[in-house]
Amino acid sequence: METKRKIAVLPGDGIGPEVTREAVKVLAAVGDFEFEEHLVGGAAIDAGLRALPPETLAAAKAADAVLLGAVGGPKWDALPTKERPERGALLPLRAELSVFCNLRPALVRAALAAASPLKSEIVSRGVDVLVVRELTGGLYFGGHAVADDWTRATDTMAYSAREVERVARIAFTAARSRRGKVTSVDKANVLATSQLWRKTVERVRNECFADVELEHMYVDNAAMQLVRDPSRFDVILTENMFGDILSDEASQIAGSIGMLPSASLREDGFGLYEPIHGSAPDIAGLGVANPYAAILSGAMMLRHSFGMEAGAQAIERAVEEALATGFLTRDLGGNCSTQTAGDAVALRARP
Ligand code: NAD
Ligand code: IPM
Ligand code: MN
């Protein structure tokens, strides 16, 4: 008998547990998985543990995939930075799992065209952008320091050619099965890391992906072009922090930050799956959070880690149908609860 795939579930803080519950419900509707829940972030701190308890890390490493909600919130903001949920749990988790490639697909779904803040004539050209964000390097991991008297601080941005190359390969490969175009976003007019980035991406393209179109764009221009005409983008390949910022921008174009899932992948296909949004302290506990990003992250898990394309599509189709039927949460202009939206998808995703 085939053993069940084990999913480590790390709900975390704020709306994390609320949206993760719905994602688990939907995954359980399409397959037979073993779910194992563990503490992370502020929830772990409140239980007297560190933000990333060793047993949580060990369980994540031992699982076949990891589903995360969100971590952080004002309750833990006064802690020393290294102990806070973001720097103490999320970043070490990504680094320890070596999930260097973060896929964040932003698409305007038919039922949500009206939720996009862009004019309908722009949205109707079609918005389907895949942000490929480098996730375990750059400014986040180059070292941080603050002088004792708080008169000076530094963050170091560092990249090796190898780090750029491996994420670039994934972006070019993804472009091949999409519309064949990669826009590499950097700040090469100022930053040395961006010059290395541009040179390396160019080399990878010329050596192995000559069939894929490559353009380079400065990040400030990219932020502007995204709202001017998102249809001009296919795959956006960029470093850690630029990808963080541009994906939040892209999410609103798609209707809400509550719609964007993500997959953080290692070379062997192992992955950490999480919505791109945070713990949303302003709406936590109200039962109004949009669970679609978490649910769609579950679909990405089936596709990228488990090779279950049919299951992934069943979930994506079910989300599409639920939206078209009017199961819209508050951020999408409706009044549907988190749980009702999750139920609507689970019902429609079932084989
Ligand atoms: P946020 O994404 O939590 O919230 C930004 C805004 O979007 C808020 O108004 C929120 O209500 C709304 N929003 C977010 N997700 C939503 C959803 N699913 N449905 C409806 N509305 C949603 O970003 P923030 O306010 O900058 O950060 C809050 C906390 O979350 C901080 O502690 C931050 O560090 C943390 N954070 C964690 C992650 C993560 O764990 N991956 C990601 C981003 C932010
Ligand atoms: C995200 C978040 C995190 C990031 C924070 C909470 C460290 O904003 O997942 O997008 O910047 O990567
Ligand atoms: Mn972010």
Side-chain angles (χ1 to χ4, degrees), residues 10-23 40-45 51-52 66-79 81-95 99-104 106 112 115 131 133-141 144 155 238-252 254-264 272-297 319 327-339 341-342:
L10 318 183
D13 310 318
I15 62 168
E18 301 171 42
V19 298
T20 306
R21 194 175 303 129
E22 304 311 318
V40 74
I45 294 171
L52 180 59
V66 183
L67 179 70
L68 185 124
V71 298
K75 188 173 178 195
W76 307 282
D77 281 353
L79 288 172
T81 321
K82 279 188 205 156
E83 293 170 26
R84 281 172 52 174
E86 298 89 337
R87 281 261 301 272
L90 190 59
L91 300 191
L93 184 64
R94 289 171 178 171
V99 287
F100 64 87
C101 178
N102 185 215
L103 306 179
R104 298 185 159 193
L112 288 187
V131 178
R133 171 191 179 194
E134 200 291 327
L135 199 65
T136 54
L139 212 39
Y140 284 60
F141 292 95
H144 317 277
D155 298 285
T238 193
E239 63 89 40
N240 205 340
M241 191 160 85
F242 297 159
D244 179 41
I245 298 167
L246 292 179
S247 56
D248 265 36
E249 185 187 354
S251 77
Q252 190 55 51
S256 166
I257 189 163
M259 289 306 302
L260 242 69
S262 88
S264 305
L272 163 69
Y273 297 83
E274 52 171 325
I276 78 153
H277 63 73
S279 59
D282 52 336
I283 57 165
L286 301 181
V288 299
N290 180 339
Y292 291 119
I295 291 169
L296 291 166
S297 299
V319 167
F327 290 95
L328 304 179
T329 42
R330 196 198 271 181
D331 56 310
L332 300 173
N335 56 13
C336 172
S337 74
T338 307
Q339 193 184 334

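Keep in mind that the numbers below use all heavy atoms, side chains included, and drop hydrogens, waters and symmetry copies. Counting starts at 1 for both ligands and their atoms, in listed order. The chain is numbered in sequence order, starting from 1.
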Next item on the list: Enumerate the atoms of ligand 1 whose separation from the nearest heavy atom of A70 is less than 4.0 angstrom.
Entry: 40 (O)

Check: Looking at E274, which atoms of ligand 1 are within less than 4.0 Å of one of its heavy atoms?
Finding: 41 (N)

Margin query: Side chains of S279 and D13 only: does a donor on one sit below 3.5 Å from an acceptor on the other?
Written below: no

Item checked: Atoms in ligand 1 flagged as close to G73, the criterion being non-hydrogen separation under 4.0 Å -> 32 (O)

Item checked: Interfacing atoms of ligand 1 (cut-off 4.0 Å, heavy-atom, I15) -> 15 (N), 16 (C), 17 (C), 18 (N)

Checklist line | Heavy atom of the protein closest to atom 8 (O) of ligand 2 (residue, atom name, distance) | finding: D244 OD1, 3.3 Å

Check: Against heavy atoms of G258, which atoms of ligand 1 measure under 4.0 Å?
Finding: 17 (C), 18 (N)

Note to self: Can you name the atoms of ligand 1, numbered from 1 with element, that are less than 4.0 Å from a heavy atom of E86?
What the structure shows: 31 (C), 32 (O), 33 (C), 34 (O)

Notebook entry, point to check: Any idea which N/O/S atom from D244 gets closest to the Mn ion (ligand 3)?
Noted result: OD1

Check: How far is atom 39 (C) of ligand 1 from its nearest protein heavy atom, and which residue and atom name does that atom have?
Finding: L90 CD2, 3.6 Å

Check: Among S264, P291, P281, G69, whose heavy atom sits nearest atom 25 (O) of ligand 1?
Finding: P281

Next item on the list: Taking only heavy atoms of E86 into account, list the atoms of ligand 2 that are under 4.0 Å away from them.
Entry: 6 (C)

Notebook entry, point to check: Backbone or side chain, does any N or O of D77 fall under 3.5 Å from an N or O of ligand 1?
Noted result: no

Checklist line | Proximity flag R94 to ligand 2, non-hydrogen atoms under 4.0 Å | finding: yes

Check: Just which atoms of ligand 1 are under 4.0 Å from any heavy atom in G72?
Finding: 32 (O)

Check: Would R84 count as a contact of ligand 2 if the rule is a heavy atom under 4.0 Å away?
Finding: no

Notebook entry, point to check: With a 4.0 Å cut-off, strictly under, does atom 44 (C) of ligand 1 pick up any protein heavy atom?
Noted result: yes

Note to self: Within the 3.5 Å criterion, strictly below it, is a donor on N240 or R133 matched to an acceptor on the partner's side chain?
What the structure shows: yes

Notebook entry, point to check: Do D155 and Y140 have side-chain atoms, one donor and one acceptor, less than 3.5 Å apart?
Noted result: no

Next item on the list: With heavy atoms of G278 as the reference, note each atom of ligand 1 found under 4.0 Å away.
Entry: 1 (P), 2 (O), 3 (O), 30 (O), 36 (N), 37 (C), 38 (C), 42 (C), 43 (C), 44 (C)

Item checked: ligand 2 contact on R104 by region, counting heavy-atom pairs under 4.0 Å -> side chain

Next item on the list: Do me a favour and list the nearest non-hydrogen protein atom to atom 12 (C) of ligand 1 with residue, atom name and distance?
Entry: I257 CG2, 4.2 Å

Next item on the list: Could you tell me the residue and atom name of the protein heavy atom closest to atom 11 (O) of ligand 2, and the distance to it rounded to 0.1 Å?
Entry: Y140 OH, 2.6 Å

Margin query: For atom 7 (O) of ligand 1, is there a protein heavy atom at a distance under 4.0 Å?
Written below: yes

Next item on the list: Answer with side chain, backbone, both or neither: which part of H277 has a heavy atom less than 4.0 angstrom from an atom of ligand 1?
Entry: both

Checklist line | ligand 1-proximal atoms of V288, by part, heavy-atom distance under 4.0 Å | finding: neither

